[in-house]
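First up is the structure itself, then whatever we jot down about it.
Only heavy atoms go into these numbers, but all of them, side chains included; no hydrogens, no water, no symmetry mates. Note that ligands are numbered from 1 as they come in the structure, with each ligand's atoms numbered from 1 the same way.
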Amino acid sequence: MDTMAAWEVAAPGPIATRPLRAVRRPVPVPAADELLVRVRACAVCRTDLHVAEGDLPPHRSPVIPGHQVVGEVTAHGDAVTGWAAGDRAGIAWLRHTDQTCVYCRRGQENLCPSSRYTGWDADGGYAEYATVPADYAYRLPDGYDDVHLAPLLCAGIIGYRALRRAELPPGGTLGIYGFGSSAHLTAQVAIAQGATVYVMTRSPAARELGLGLGAAWAGGADEPPPVPLDAAILFAPVGDLVPPALSALDRGGTLAVAGIHLTDIPVLNYERHLFEERQLRSVAANTRDDGREFLALAAAHPLHVTTTVYPLDRADDALADLAGDRVEGAAVLVP
Ligand SMILES: [Zn+2]
Ligand SMILES: [Zn+2]
């Protein structure tokens, strides 16, 4: 049987203990409804770190992480139509919903209790090959190479959903807390749509990046922005930033928390943080419509995607660098 290089998490633990392990695995065989994709690029997401460190409880063990895959279809199951060998395909986080529950039926498949996720419930893209149900694979826009497309598949799509959840009014002021892979894409979408963007981050290099991409102002992680914010998105997985971000909102403003995991939020003061109809909202994954909308926007407004490339055999270094805030933009693994 053909084998492939892959990385798996068998025993989650602190990143310093190197929970990722290099292995050889059989090349997966696509099920009837699946594509087999030869991975050409897989971007690293903070969620991969949560899977490796055990912040997300294991759903499959061992599991190959990675859910921002750009690759080439090399085979597919008998029930697949509309895809052919040689097509470029994207594999993202959401890979199954039941389409029968109350949430799916009202257009909120991101809340489906039967949902399954790439790199958590099923093997992902830290490997030379990966499979995906064809109905959950994305067609990808032209005008980007594989490396620059990969971060769009989670960082881009989830950031776009967070932006929608933040209910930024047209021409409004948007605060962005934490400025990594997802934030730098979301900022560009917001600016293209007419927003004025304020960046709060502890990283001087990220502040420079934000200003270079068109942000009006950049300051420290919890520094008050110079104007009240109509909306804000918290990308840093740091609950301590929720109170200053809520305080920075104007009346009626909304703070959306983009991450899947957040450290504890300190006690809030109703008057200072929530009164006058300030809102605090979470973001749970995305629908496929979010993904298709975002990729259409990315086709219409070419995004400047900052990446740091790592060969696949350095996936553990890429994850450690992400944990240590040493990656500019998105880390992308290339087999
Ligand atoms: Zn459902
Ligand atoms: Zn992700």
Is R95 close enough and on-axis enough to Y117, meaning under 6.0 Å and within 45°, for cation-pi?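 Negative - R95 is either too far from the ring of Y117 or too far off its axis.
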Around the Zn ion (ligand 1), list the protein N/O/S atoms within a radius below 2.8 Å, excluding water molecules.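 Atoms qualifying: D98 OD1, C101 SG, C104 SG, C112 SG.
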Reported CD1-to-CG distance for the pair I158 and N286, which is rounded to 0.5 angstrom: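 I158 CD1 to N286 CG: 4.5 Å, rounded to 0.5 Å.
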I need the T47 OG1 to D55 CG distance, nearest 0.5 Å.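 Reported to 0.5 Å precision, the distance equals 10.0 Å.
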Quick one: do R60 and D121 make a salt bridge, cutoff under 4.0 Å?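 No salt bridge links R60 with D121.
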Carboxylate-amine/guanidinium contact D222 R202, below 4.0 Å: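 Answer for the salt bridge query: no.
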Mind checking whether H301 and V189 have side chains closer than 4.5 Å, heavy atoms only?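 Of all side-chain heavy-atom pairs linking V189 with H301, none is under 4.5 Å.
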Does a side-chain heavy-atom distance below 4.5 Å link V51 with P12?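 Not in contact.
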Got a sec, which residues hit salt bridge (Lys or Arg N to Asp or Glu O under 4.0 Å) with E72, two or more places apart in sequence or on another chain?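 By the salt bridge (Lys or Arg N to Asp or Glu O under 4.0 Å) rule, E72 matches R38, R40.
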Taking only residues two or more places apart in sequence, or in another chain, which ones meet H50 in a ring pair (Phe, Tyr, Trp, His ring centres under 6.0 Å)?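 H50 satisfies ring pair (Phe, Tyr, Trp, His ring centres under 6.0 Å) with H261 only.
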What are the protein N, O or S atoms, given as residue plus atom name, that sit under 2.8 Å from the Zn ion (ligand 2)?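 You should have found C45 SG, H67 NE2, C154 SG.
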